[in-house]
Amino acid sequence: MEPIHHIIIDTDPGIDDAVAIAAALFHDQIDVKLITTVAGNVSCDKTTNNALKLLEFFHSDVPVAQGAIKPLLRTLEDSSHIHGNSGLDGYDFPHPKKETLGIHAIEAMRETILSSKEPITLVPIGPLTNIALLLSVYPECKQNIKRIVFMGGSASRGNHSPAAEFNVFVDPEAAKIVLQSGLDITMCGLDVTSLATLTKENVEALKEMNRTGEMLYGLFQHYRGGSLATGLHMHDLCAIAYLVKPELFVTKECFVDVEVNGRYTAGATIVDLKSYYQQQANAKVCLEIRVEEFRQWFMEIFTNPSIL
């Protein structure tokens, strides 16, 4: 029997976040304990509302807790130009009846982590603000955190500046704290997420499959992360794929740090692939992905007859 991954998803939905959340909820090897929200693609009020909409759409009882409304030190720069003003433009979700837990995300994470009989894997797919706060305020949680698998960073160039990937760019100080935490960390960055695309044929096939496929098809018409002609980037889904299909990826243990002071390089992840700095590796970095197998895995999940 395959192992069950007990996870907390920290997210800023976001169209590709919606895909990752759906995949996690529907996958029989994943047990989603909690979803926490953070400011990123859009404001935290909107990301929280989007998480509630999605969970209600999926008839899920996974609890939601709202987190940081801004980065640790910086003014929020969102990505509404990619995901639309609401963050989930393209589908008419009803106003959610589901409510948040009413406590801050880091309080909810602490309770979930410390009360769990099984070690918890954190899966941040937005800026790392909440995770940095959790590790700083409640370091005792580290004892029951199995690992962190996050979407963010790059071993090459960026997508929000020439040097920086968006999630790390938004809150580089938070990313630096997380990478220096001493925990088992896997970084799913642009080196793989920019290749992990869906084709127009993949997207068209979704439309007729089920109500989830219809919903995602609507969102994809408004998603500016790539295009239907060149392929839609499934950035956040890579973190979920890594949990259950690590064989899709080529990885390397590296020392990784984050530039926080550079005028042009703030938010850049420094991935020391050749050990120039002679520092101990602190992260497993995803460098290559089997794209066709990734697409096949995606279609297997979302065309399953059991999917709503």
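Computed from a predicted structure; not experimentally measured.
Scanning for ring pair (Phe, Tyr, Trp, His ring centres under 6.0 Å) contacts around H160 gives F166, F169, with sequence neighbours left out.
To the nearest 0.5 Å, the span separating SG on C188 from CD1 on I240 amounts to 9.5 Å. Note: E99 CD to Q66 CD = 12.5 Å, rounded to the nearest 0.5 Å.
Checked against the 6.0 Å centroid threshold, F298 and F294 do not count as a close aromatic pair. You'll find the ring centres of Y217 and Y91 outside the 6.0 Å limit.
Side-chain contact between V38 and T11 is absent, with no heavy-atom pair separated by less than 4.5 Å. With contacts defined as side-chain heavy-atom distances shorter than 4.5 Å, the pair I30/I4 does not qualify.
With T36 as reference, D10 is the one residue of L101, I9, T47, D10 to meet the side-chain contact (heavy atoms from CB on, under 4.5 Å) rule.
No hydrogens or angles considered: nothing links the side chains of S275 and D272 as a donor-acceptor pair under 3.5 Å. D31 and H6 share a donor-acceptor pair across their side chains, judged by distance under 3.5 Å alone. Side chains of D171 and T129: a donor-acceptor N/O pair is present below 3.5 angstrom, by distance only. Side-chain atoms of D78 and N41 form no donor-acceptor pair, as typed in the model, at a separation below 3.5 Å. Between D191 and S156, the side chains place a donor N or O and an acceptor N or O closer than 3.5 Å (distance only, hydrogens not considered).
Closest of all the heavy-atom pairs between H233 and D16 is O-CB, 4.2 Å. A pairwise comparison of heavy atoms in I113 and I120 identifies CA-CG1, 4.1 Å as the closest pair.
Using cut-offs of 30° and 60° on the angle between ring planes, the pair F26 and F302 is perpendicular.
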List the atom pairs, donor and acceptor, that lie under 3.5 Å between side-chain atoms in residues 177-184 and the rest of the protein, sequence neighbours left out.
unit_1 : atom_1 : unit_2 : atom_2 : d
S181   : OG     : V178   : O      : 2.7
S181   : OG     : L183   : N      : 3.3

Problem set entry | Derivation of the side-chain contact (heavy atoms from CB on, under 4.5 Å) call for I185 and N282 | CA-CA 7 Å; I185 294 174; N282 60 344; over 6 Å; no

